[in-house]
Participant: 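Take this structure, written in structure tokens, and hold onto it; I'll ask about it next.
Since this is a predicted model, take the numbers as computed values, not measurements.
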Amino acid sequence: MEENKTEAMHQWRKNLETQVSLSPYKNKTLVFGDGSLHPEIMLIGEAPGGDEEKQGRPFVGKAGKNLTEFLTAIDLKREDLYISNVVKLRPTKESPKTGKLVNRPPSKEEIAFFLPFLQEEIRLVNPKWIVTLGNVPLKAVTGANLSIGDCHGTLCQTSENLRLFPLYHPAAIIYNRSLKETYDSDLQKLKTLISTK
């Protein structure tokens, strides 16, 4: 069974690489999900940033620091999770100030391109829980025009009827310190849910 899952994931990656090589994104660096193939939780962000692009792994650098705090709060280790993003490449724009590439939110086109691959990835990983970070993954996995402000910290369902727990993106707390208390409270709710179900 384990071999089958590993092989299926390998095929999924190859298919994604092939499709990207034929797309407008062919010159971009793909950042695949990683972690346990038998996780209790699959964590989904919106897209990789610069550190992720360099290291080829999701949630490293600043995002990784946020992730470590998140995991500590709910008594989990990174290797217990499967971590991915809706969009598997870094969306960038040129900074008017520096002329360097900086992160931007993923476009509708980028999300539409990668969404079928995310849906397949979720089926392959088959987690007990999906935890989304921010609006982009929340909308992607529910197929609904939901806002994280309306449903963070509540038990929801994905479009495939999997258990979903939406959280604010950890970066949101950097820009809005008043969310810290809410975020911590949501994490404790998640900890209680995963320990009882």
Participant: Side-chain atoms of residues 146-154: list all donor-acceptor pairs with protein atoms under 3.5 Å, sequence neighbours left out, distances to 0.1 Å.
Facilitator:
unit_1: S147; atom_1: OG; unit_2: G149; atom_2: N; d: 3.2
unit_1: H152; atom_1: ND1; unit_2: D186; atom_2: OD2; d: 2.6
unit_1: T154; atom_1: OG1; unit_2: C151; atom_2: O; d: 2.7

Participant: Which heavy atom in K5 sits nearest to a heavy atom in L124, and how many Å separate them?
Facilitator: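 Taking K5 first and L124 second, the nearest heavy atoms are CE-O, 2.7 Å.
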Participant: Closest approach of S84 and G33, non-hydrogen atoms and distance?
Facilitator: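 Residues S84 and G33, closest heavy atoms: OG-CA, 3.7 Å.
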Participant: I130 and T158: which non-hydrogen atoms are nearest, and at how many Å?
Facilitator: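 For I130 versus T158, the nearest heavy atoms are CD1-CG2, 3.8 Å.
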Participant: Is there a side-chain contact between N103 and R90, using heavy atoms and a 4.5 Å cut-off?
Facilitator: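 Yes. Closest side-chain heavy atoms under 4.5 Å.
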Participant: What distance separates R13 CZ from H10 NE2, expressed to the nearest 0.5 Å?
Facilitator: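 Taking CZ in R13 and NE2 in H10, the distance rounds to 9.5 Å.
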Participant: So, do E121 and F114 sit near enough that their side-chain heavy atoms are less than 4.5 Å apart?
Facilitator: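 Result no, sub-4.5 Å side-chain heavy-atom pair not found.
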Participant: Sequence neighbours excluded, which residues qualify as side chain to side chain contact (heavy atoms under 4.5 Å, CB included) partners of K100?
Facilitator: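 Side chain to side chain contact (heavy atoms under 4.5 Å, CB included) check on K100 returns T98.
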Participant: Does D34 pair with R78 as a salt bridge, N-O distance under 4.0 Å?
Facilitator: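 Looking at R78 together with D34, the answer is yes, because their closest N to O distance falls below 4.0 Å.
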Participant: Taking side chain to side chain contact (heavy atoms under 4.5 Å, CB included) as the definition, give me every residue that meets it alongside E69, ordered by chain and number, with sequence neighbours left out.
Facilitator: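 Partners of E69 by the side chain to side chain contact (heavy atoms under 4.5 Å, CB included) criterion, ordered by chain and then number, come out as K65.
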Participant: Residues two or more places apart in sequence or in another chain: which of them pass side chain to side chain contact (heavy atoms under 4.5 Å, CB included) with N15?
Facilitator: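 For N15 the side chain to side chain contact (heavy atoms under 4.5 Å, CB included) partners, ignoring immediate neighbours, are Q19, F117.
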Participant: Could you tell me whether the side chain of S23 reaches within less than 4.5 Å of the side chain of F113, counting heavy atoms only?
Facilitator: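 Yes. Closest side-chain heavy atoms under 4.5 Å.
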Participant: NZ of K26 to OG1 of T18: how many Å apart, nearest 0.5 Å?
Facilitator: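 Result: 14.0 Å between the selected atoms.
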Participant: A side-chain contact here means heavy atoms from C-beta on lying under 4.5 Å apart; do V87 and E46 qualify?
Facilitator: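 No, their side chains stay 4.5 Å or more apart.
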Participant: Look up atom OG1 in T72 and atom NZ in K77, then write down how far apart they are to the nearest 0.5 Å.
Facilitator: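 T72 OG1 to K77 NZ: 10.5 Å, rounded to 0.5 Å.
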Participant: Are L193 and F70 connected in a single hydrophobic cluster, I mean Ile/Leu/Val/Met/Phe/Trp/Tyr linked by side-chain heavy atoms less than 4.5 Å apart?
Facilitator: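 Linked within one cluster.
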Participant: Output the distance between atom CG (L76) and atom CG (L67), rounded to the nearest 0.5 Å.
Facilitator: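 These two atoms lie 10.0 Å from each other.
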Participant: Got more than 12 heavy atoms from elsewhere within 6.0 Å of NZ, K54?
Facilitator: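 Count not over threshold, so no.
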Participant: Rounded to the nearest 0.5 Å, what separation is found between the CE atom of M42 and the CD1 atom of I83?
Facilitator: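 Between atom CE of M42 and atom CD1 of I83 there are 10.0 Å.
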Participant: Salt-bridge test for R104 and E110: reply yes if a basic N is under 4.0 Å from a carboxylate O, no otherwise.
Facilitator: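 Between E110 and R104 there is a salt bridge, with a charged N closer than 4.0 Å to a carboxylate O.
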Participant: List the residues meeting salt bridge (Lys or Arg N to Asp or Glu O under 4.0 Å) with E160, not counting sequence neighbours, and say none if there are none.
Facilitator: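 In terms of salt bridge (Lys or Arg N to Asp or Glu O under 4.0 Å), with neighbours along the sequence ignored, E160 is linked to R123.
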Participant: Taking the side chain as C-beta and beyond, is there a heavy-atom pair between N85 and F59 under 4.5 Å?
Facilitator: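 Yes; the side chains approach each other to less than 4.5 Å.
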Participant: Would T142 and T132 count as a side chain to side chain contact (heavy atoms under 4.5 Å, CB included) here? Give the steps.
Facilitator: CA-CA 10 Å; T142 59; T132 53; over 6 Å; no
Participant: Check for me, please, whether V31 and V60 land in the same ILVMFWY cluster - side-chain distances under 4.5 Å, paths through other members count.
Facilitator: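 V31 does not cluster with V60.
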Participant: Is there side-chain contact between K88 and L118, with at least one heavy-atom pair below 4.5 Å?
Facilitator: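 When only atoms from C-beta onward are counted, L118 and K88 do touch, with a gap below 4.5 Å.
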Participant: Flag the pair L81 / V131 as yes when at least one side-chain heavy-atom distance between them is below 4.5 Å, and no otherwise.
Facilitator: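 No, their side chains stay 4.5 Å or more apart.
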Participant: What pairs of residues pass the side chain to side chain donor-acceptor pair (under 3.5 Å) test when at least one of them lies in residues 167-185, not counting sequence neighbours?
Facilitator: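 Qualifying pairs, neighbours excluded: N176-S178, K180-D184.
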Participant: When you group the ILVMFWY residues by side-chain heavy-atom contacts below 4.5 Å and let the links chain together, are L30 and L101 in the same group?
Facilitator: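 No: no chain of side-chain contacts under 4.5 Å links L101 to L30.
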Participant: Would you name the heavy atoms of L155 and W129 that are closest together and state the gap between them?
Facilitator: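 Closest approach of L155 to W129: CD1-CZ3, 3.1 Å.
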Participant: Decide yes or no on side chain to side chain contact (heavy atoms under 4.5 Å, CB included) for K28 and T92, but give the supporting numbers first.
Facilitator: CA-CA 10 Å; K28 291 274 203 170; T92 55; 3.2 Å; yes
Participant: So, for A73 and L187, which heavy atoms are closest and what is the spacing to 0.1 Å?
Facilitator: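 Smallest heavy-atom distance, with atoms named: CB-CD1, 3.8 Å.
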Participant: Roughly how far, to the nearest 0.5 Å, is the OG atom of S36 from the CD1 atom of I41?
Facilitator: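 The CD1 atom of I41 sits 11.5 Å away from the OG atom of S36.
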Participant: If we only count heavy atoms from C-beta on, is the W12 to V125 side-chain gap below 4.5 Å?
Facilitator: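 A side-chain contact is absent here, since even the closest heavy-atom pair is not under 4.5 Å.
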